[in-house]
Structures are given as structure tokens and as C-alpha cells.
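Heads up, the thing below is written out as C-alpha cells.
Below, read A as the first sequence line, B as the second, and so on, with proteins coming before strands; counting in each chain starts at 1.
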Amino acid sequence: MCGRITLSTPAARLIELFQLTDFPRMDPHYNIAPTHLVICIRSQENEKQAIPMRWGLVPSWAKDLSIGNRMINARSETAAEKPSFRKAWTHRRCLIPVDGFYEWEKPAKPGSKQKQPWLIHAADNTPFVLAGLWESWQPPESTGETVLTCSILTTSANADMSPIHDRMPVIIPPEHHATWLSASTTTSQLTELTQPAADGILTRYRVSTAVNKATFDSPECIAPLADTESTDLQLF
DNA sequence: CCAGACGTTGTT
DNA sequence: GTCTGG
DNA sequence: CCAGACGTTGTT
DNA sequence: GTCTGG
């Protein structure tokens with residue numbers, strides 16, 4: 001779950017949301033896939049910074065970048081114990097702003113229909129912030145540049161998501177951003193912050209199956225179909 | 001001791 | 001790097 | 001997450 | 001069917 005996201009919110013608005021002075025230059029993208037860059041906000045020596053990172057966490061011991069291809073999500077319930085995630089869980093948490101994310105609903109009857117893609121977004125059409133872990137990876141033999149990578153944490157679905165899926169990304173509301181990024185946050189606080197989001201904050205609409213093939217920076221792929229559950233989404 | 005895994009989702 | 005399984 | 005490949009030898 | 005690449 002949570003294997004595609006969108007981010008077209010202008011940098012100025014994200015600067016305001018995170019109270020930053022600097023922000024990386026990024027064009028709007030409507031179909032961000034694993035291995036693409038996502039924006040991560042991390043706290044580095046008490047300095048908050050927004051940095052593009054490769055989506056798919058590559059543990060420091062990995063011999064190959066491709067290991068990150070299946071590390072796009074981390075279960076919040078078990079990340080503290082998993083060898084690939086536990087150091088990041090303790091020391092390298094980050095925030096990942098999105099406009100929304102895609103979820104592919106399985107066909108009700110097996111073998112019948114095609115999967116239905118939905119775009120899930122905030123009910124109030126504002127960008128929102130996912131909980132992530134990040135890692136720094138150095139290619140073996142010192143050949144090539146250090147690569148920053150990240151993973152999106154998941155938790156069980158809230159009432160908004162459960163009709164189409166049993167998991168959802170962890171969402172961190174603005175009042176908890178600082179706690180999530182702080183190095184002194186306790187285990188019990190982390191458990192609290194990774195609970196499913198409050199019911200009612202998300203809504204969704206059907207998108208064309210063309211989302212699969214759309215280029216990832218085209219707004220076409222988030223155009224709602226006629227049969228839609230919310231009609232008031234605006235581009236940011 | 002060394003060798004091999006190290007992950008999630010969803011589906012069966 | 002660190003843990004698990006053989 | 002989906003889309004697309006899924007193989008080797010030898011020759012150019 | 002299952003893995004890899006994006």
C-alpha cells in the first residue's frame with residue numbers, strides 16, 4: 001500500500017507549513033513511484049531541512065541500490081525491531097509532504113475486473129504529511145556518490161481507508177511534526193504518533209486506469225472519473 | 001563456526 | 001552491520 | 001505501487 | 001507465475 005504519491009503543492013506553501021527558509025527546487029509530480037525522488041524534511045543538528053531522497057530505503061550494509069525497491073514501506077508496528085529499519089526508527093525519522101496517494105482496490109470478484117485506482121487526499125484539500133524513515137547509503141569501494149533514501153511508515157486503516165484497504169500511511173498532523181523529528185522522542189510517543197489518522201480527514205475519488213501509464217508529472221492522471229466520491233479537489 | 005537474510009503488500 | 005538458521 | 005521482462009551463445 | 005526496474 002501507499003506505493004504512489006502526488007506532490008504539486010508550490011514550494012512557498014510547504015515552506016510555510018514546515019517553517020523553513022530553504023526548499024529544493026521541484027517540479028509538480030502527479031504519479032511519483034518508488035525509486036523516484038520525494039521531499040523529506042529531517043532534523044540535522046537541530047536544523048530542519050528539506051531534501052529530495054530516493055524512495056525505497058537502502059540499508060547502509062546493502063551492496064546494491066536495488067534492495068531499496070522493496071523497502072518502500074515499513075510497518076510502524078515492527079520497524080523498531082527490523083534490522084533494515086530499527087536504526088532509522090530511532091535516529092533518522094523524517095516527514096514527507098504529499099497532496100495525496102494512490103491506492104489500487106482489488107476487484108471484488110477474483111479474475112474479473114481490473115484493479116480500480118483511487119486518489120486519496122485530504123478532505124480539506126490541503127497537503128498533508130507522512131511519517132518516514134531515511135538512510136544514507138554509500139556505494140561499495142567508494143565508487144560513486146552517497147545516496148539518501150527513505151521509506152514511508154504504514155499502520156492499520158482508519159474508517160476512511162478501510163473500505164478499500166486494510167493499511168494506510170502514517171499521517172503526522174502539524175502539531176506533532178516537531179515531536180516526530182526530535183531525537184529525544186520516547187518509544188511510547190512514537191507508538192502514539194503512528195496510530196491510524198483520525199476518521200474523516202481523508203476522502204477519495206476514482207481515477208482513470210490511465211494513471212498506470214501516465215507520465216508522472218502530468219495532471220491528467222489525477223483527473224477524476226464521473227463516478228466520484230468527492231468532486232471538490234483543486235490542484236494546489 | 002559460516003552462510004544467508006535483512007521487506008511489505010496482497011493473495012492463496 | 002547484525003541476527004538467524006544450519 | 002504497476003509495467004514489463006522473463007535467455008544464452010556468439011557474432012557484429 | 002514471479003522478479004526487476006522505475
Review point. Is the backbone N or O of Pro196(A) less than 3.5 Å from a side-chain atom of Asn158(A), with the two atoms forming a donor-acceptor pair by type?
Key: no
Review point. Which residue, Trp55(A), Phe216(A), Tyr30(A), forms the ring pair (Phe, Tyr, Trp, His ring centres under 6.0 Å) with His36(A)?
Key: Phe216(A)
Exercise for review: Quick one: label Ser60(A) by what it contacts on the DNA or RNA (base, sugar-phosphate, nothing), any heavy atom closer than 4.0 Å.
Suggested key: nothing
**Study point:** Any side-chain donor near an acceptor of the partner, Gln116(A) and Trp104(A), under 3.5 Å
**Key:** no
Study note, to complete from the structure: The nucleotide from dC1(D), dG7(B), dG6(E) with an atom nearest the side chain of His36(A) is dG6(E)
Practice item. Describe the nucleic acid contact of Asn69(A) in one word from base, sugar-phosphate, nothing, applying a heavy-atom distance below 4.0 Å. Key: base
Review point. Which residue, Ile41(A), Leu148(A), Leu57(A), forms the side chain to side chain contact (heavy atoms under 4.5 Å, CB included) with Trp134(A)?
Key: Leu148(A)
Exercise for review: Could you tell me whether Ala74(A) contacts a base, only the sugar-phosphate backbone, or nothing, with contacts defined as non-hydrogen atoms closer than 4.0 Å?
Suggested key: sugar-phosphate
Review point. Looking only at atom P, what distance separates dG7(B) and dC2(D), rounded to whole Å?
Key: 22 Å
Review point. Are Lys115(A) and dC2(D) close enough that a side-chain N or O sits under 4.0 Å from OP1 or OP2?
Key: yes
Review point. In whole angstrom, what separates Ile72(A)'s CD1 from dC3(E)'s C1'?
Key: 15 Å
**Study point:** Close aromatic pair by centroid cut-off 6.0 Å: His121(A) and Tyr205(A)
**Key:** yes
Review point. Rounded to the Å, how far apart are Arg167(A) CZ and dG7(B) C1'?
Key: 13 Å
Practice item. Find the distance Ile5(A):CD1 to dC2(D):C1' and express it as a whole number of Å. Key: 15 Å
Review point. Planes under 30° and centres closer than 5.5 Å, is that true for Trp61(A) with the base of dC6(B)?
Key: yes
Check your understanding: Say you pick atom C1' in dT9(D) and the same atom in dC3(E); how far apart are they, in whole Å?
Key -> 24 Å
Exercise for review: Select base, sugar-phosphate, or nothing to describe what Arg54(A) touches, counting heavy atoms under 4.0 Å on all strands.
Suggested key: nothing
Check your understanding: Once you round it to whole Å, what is the distance between C1' of dT4(E) and CG of Leu65(A)?
Key -> 14 Å
Check your understanding: Nearest to the side chain of Pro83(A), which nucleotide is it out of dC2(D), dG7(B), dT8(B)?
Key -> dG7(B)
Point to revise | Touch class at under 4.0 angstrom, heavy-atom based, for Thr154(A) against every strand present | key: sugar-phosphate
Check your understanding: NA contact type, Arg4(A), heavy-atom cut-off 4.0 Å: base, sugar-phosphate, or nothing?
Key -> base
Exercise for review: Would you classify Pro34(A) as touching base, sugar-phosphate or nothing, given that sugar-phosphate means primed atoms plus P, OP1 and OP2, and contacts are heavy atoms under 4.0 Å?
Suggested key: base
Point to revise | Whole-Å gap separating P (dC1(D)) and CD (Gln116(A)) | key: 16 Å
Practice item. Please tell me which of Asp166(A) and Ser84(A) maps to the more 5' nucleotide of DNA chain B, matching each residue to the nucleotide holding its nearest heavy atom. Key: Ser84(A)
Practice item. Would you kindly give the CG-to-P distance between Leu153(A) and dG7(B), to the nearest whole Å? Key: 14 Å
**Study point:** Atom P, compared across dC1(D) and dT8(B): separation rounded to whole Å
**Key:** 13 Å
Check your understanding: So what does Thr78(A) hit on the nucleic acid, given a heavy-atom distance under 4.0 Å: a base, only sugar-phosphate, or nothing?
Key -> sugar-phosphate
Check your understanding: Within the pair Arg75(A) and dT9(B), is there a side-chain N or O less than 4.0 Å away from OP1 or OP2?
Key -> yes
Practice item. Return the nearest nucleotide to the side chain of Ser66(A); candidates are dG5(E), dT8(B), dG1(C). Key: dG5(E)
Check your understanding: When you measure from the side chain of Thr149(A) to the backbone N and O of Val58(A), does any donor-acceptor pair fall under 3.5 Å?
Key -> yes
Revision key, fill the gap. Among dC3(C), dT8(B), dG6(E), the one nearest any side-chain atom of Phe85(A) is dT8(B)
Point to revise | Distance, rounded to the nearest Å, where Arg70(A) contributes CZ and dT4(E) contributes P | key: 7 Å
**Study point:** Carboxylate-amine/guanidinium proximity below 4.0 Å for Glu103(A) and Lys115(A)
**Key:** no
Review point. Taking a pair as Watson-Crick or G-U wobble with both distances under 3.5 Å, which nucleotide is matched to dT2(C)?
Key: dA5(B)
Practice item. Round to the nearest Å and state the distance from Tyr30(A) atom OH to dC2(D) atom P. Key: 22 Å
